[in-house]
Amino acid sequence: MSAKASLTSKDFSLGIGDQSNIQTAVDKAYESAITNGDDIQAALDQAEADVNAILAELE
Amino acid sequence: MKKKLLSVLLCASMAVSMLAGCGSSNETDTSADNSSSNETTAAGTETAATAATDNQTAGEPVTIEFWTIDLKAAFGDFFNDMIAQYESENPGVTVNWTDVPYGDIQSKLVTAVAGGTAPDVVNLNTQFTLTLAGQGALVDLNKEATDEQKSIYIPDLWDSAKIGDSVYAFPWYASPDIMFYNQSLFDEAGMEVPSTFDEALQEAEEFYNKTGAYLFMPDEFFNILFEEGIDVLNADKTAAAFNTQETVDLLSKYKEYTEKGVIPKTKWGDWDEMLKLFESGKLAIVSSSGSSLSRIKDEAPDIYETVGVSTPLTGKNGLSRNPLMNLVVPQASKNHEAAIAFANYVTNDANQLAFCKEVSIFPSTTAASEDPYFTSDTETL
């Protein structure tokens with residue numbers, strides 16, 4: 001087996017303590033735009049607002 | 001060669017399952033729930049953490065409390081031998097090894113730290129590492145480890161537990177995503193296996209029309225942003241940065257293909273759903289940790305016979321997912337220097353290579369990754 005994959009891969013980390021909630025907020029944009037068929041820009045705007053609210057609580 | 005590789009991967013997959021079970025998005029979700037429930041309790045550990053002092057002075061005996069996750073049953077002899085070797089090379093140092101079930105590690109650690117009985121070296125996943133680090137409960141290894149100790153790790157993996165200029169873990173074993181593909185479907189389509197998400201999207205419609213199967217299932221959207229090199233946050237991590245025209249264009253492209261029905265519309269990145277589709281011949285590519293292979297063999301032996309392996313699909317940044325297990329040193333440890341030395345020993349090149357030969361898992365150090373044990377067996381992965 002080759003460990004080449006270990007040299008071309010990464011544990012996707014934001015480097016902050018509340019990544020799980022941010023991840024959930026970002027994934028909601030996909031659910032809204034793709035699964036529910038909503039407007040893409042509106043879905044991203046909502047996700048952005050949700051992420052910023054989480055970050056504000058961290059400060 | 002393919003069957004030999006599958007056999008090796010199957011052994012690795014069973015070991016990975018026992019070791020970490022950290023390859024699927026479902027399990028990541030579970031971990032997120034756990035970390036959330038522990039945050040309040042962990043915050044109460046700061047008094048104990050800041051009160052800790054380094055009790056190790058020259059010549060005094062030191063006892064290191066070492067906690068791992070689900071290793072003793074399968075690898076007890078390996079770790080007992082490694083610990084005995086360390087103790088023989090470091091007179092006066094005693095290592096007490098405690099193995100904790102995966103589901104209990106977070107609550108037990110929080111309880112121990114709050115009760116003033118913190119272990120010295122602990123095995124954690126990256127999410128919980130960062131949660132505790134954000135509360136000041138872990139030693140900053142960028143400050144307290146030596147340059148020599150820090151120099152051995154693959155840079156991208158070293159950065160996984162980084163907050164600002166601080167790094168809170170030595171990366172240990174990894175279970176990077178691997179691509180499993182259904183060769184029969186590609187033969188039926190008369191098409192080659194793609195290597196990037198762009199190629200996969202361009203070929204998805206033709207593949208679906210020729211086979212009736214999806215070529216691939218997109219990853220979780222959060223992971224897609226990483227894979228495409230789109231920043232989720234700004235540089236100082238104070239605001240979202242992903243709401244750009246590039247992201248709109250990316251989602252628009254995916255939406256076009258989901259509306260055509262040639263890639264799945266729901267459950268992106270859902271490990272269980274991916275495997276169900278793959279095992280029924282309705283999905284040609286799965287990118288997952290090696291633990292998926294044993295399930296495919298058990299649940300869909302006919303499909304297993306057609307499986308080929310390759311590197312996972314990548315986006316613009318060329319990186320794929322590599323969930324990590326780490327070793328951390330709690331601030332509340334009374335033996336920082338000795339704990340760091342032991343954690344570095346467990347994760348050094350020689351011991352990672354030895355561990356990989358024991359269980360066929362992936363190392364997080366540069367030299368171990370470049371060892372002929374990994375590079376000479378196959379050019380596929």
* Side chain from CB out, backbone as N, CA, C, O: work out which of these in B:L225 comes under 4.5 Å of a heavy atom of chain A, or both, or neither. =>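 The side chain, not the backbone.
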* With a 4.5 angstrom heavy-atom cut-off, which part of B:S252 approaches chain A: side chain, backbone, both or neither? ->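 When you check distances to chain A, atoms from both the backbone and side chain of B:S252 fall under 4.5 Å.
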Gap separating the [atom1] atom of [X] from the [atom2] atom of [Y], nearest 0.5 angstrom:
{"X": "A:T24", "Y": "B:F222", "atom1": "OG1", "atom2": "CZ", "answer": "9.5 Å"}
{"X": "B:Q245", "Y": "A:Q41", "atom1": "CD", "atom2": "CD", "answer": "7.0 Å"}
{"X": "A:D27", "Y": "B:N223", "atom1": "CG", "atom2": "CG", "answer": "7.5 Å"}
{"X": "A:E31", "Y": "B:F221", "atom1": "CD", "atom2": "CZ", "answer": "11.5 Å"}

* **B:E227: partners by side chain to side chain donor-acceptor pair (under 3.5 Å), with sequence neighbours left out** =>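 For B:E227, no residue satisfies side chain to side chain donor-acceptor pair (under 3.5 Å) once neighbours in sequence are set aside.
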* Interface residue of largest heavy-atom contact number with chain A, from B:T314, B:T126, B:T129, under 4.5 Å ->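 Looking at each of B:T314, B:T126, B:T129 in turn, B:T126 comes out on top.
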* Hey, are the side chains of B:L130 and A:L14 touching, using non-hydrogen atoms and a 4.5 Å cut-off? ->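 No, too far: nothing below the 4.5 Å cut-off.
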* **Residue from B:D249, B:V248, B:L250 passing side chain to side chain contact (heavy atoms under 4.5 Å, CB included) with A:I40** =>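 Exactly one pass, corresponding to B:V248.
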* Which portion of A:L44 sits near chain B, non-hydrogen atoms under 4.5 angstrom ->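 For A:L44, backbone and side chain are both near chain B.
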* Asked: If you count the non-hydrogen atoms of other residues, nucleotides and ligands that lie under 6.0 Å from NZ in B:K255, is the total more than 12?
  ->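 Check passes, neighbour count above 12.
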* So does B:K316 have more than 12 non-hydrogen atoms from other groups sitting under 6.0 Å from NZ? ->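 No, the 6.0 Å shell around NZ holds no more than 12 heavy atoms from other groups.
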* Where along residues 163-172 of chain B does a heavy atom come under 4.5 Å of chain A, listed by residue number? ->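 Against chain A, the residues of residues 163-172 of chain B that fall inside the cut-off (heavy atoms, under 4.5 Å) are B:I163.
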* So which residues of residues 236-243 of chain B are in contact with chain A at a heavy-atom cut-off of under 4.5 Å? ->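 Listed by number: B:K237, B:T238, B:A239, B:A240, B:F242, B:N243.
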* Asked: Can any side-chain N or O of A:Y30 pair as donor or acceptor with the backbone N or O of B:L251 at less than 3.5 Å?
  ->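 Looks like no, no N/O pair under 3.5 Å.
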* To do: Select, from A:A49, A:A56, A:G37, the one with the greatest count of heavy-atom pairs under 4.5 Å involving chain B.
  =>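 That would be A:G37.
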* Relative to chain B, which of A:D50, A:I22, A:I16, A:V26 shows the most heavy atom pairs under 4.5 Å? ->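 The candidate making the most pairs under 4.5 Å is A:V26.
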* Test B:D159 against A:S13 for side-chain contact (heavy atoms from CB on, under 4.5 Å), laying out the working first. => CA-CA 8 Å; B:D159 286 346; A:S13 167; over 6 Å; no
* Set of salt bridge (Lys or Arg N to Asp or Glu O under 4.0 Å) partners for A:K28, sequence neighbours left out ->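 In terms of salt bridge (Lys or Arg N to Asp or Glu O under 4.0 Å), with neighbours along the sequence ignored, A:K28 is linked to no residue.
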* Asked: Taking the six-membered ring for Trp, are the ring centroids of A:F12 and B:F226 within less than 6.0 Å of each other?
  ->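 Yes - the distance between ring centres of A:F12 and B:F226 falls below the 6.0 Å cut-off.
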* Stepwise side-chain contact (heavy atoms from CB on, under 4.5 Å) test for B:Y257 and A:I34 -> CA-CA 10 Å; B:Y257 288 97; A:I34 302 294; over 6 Å; no
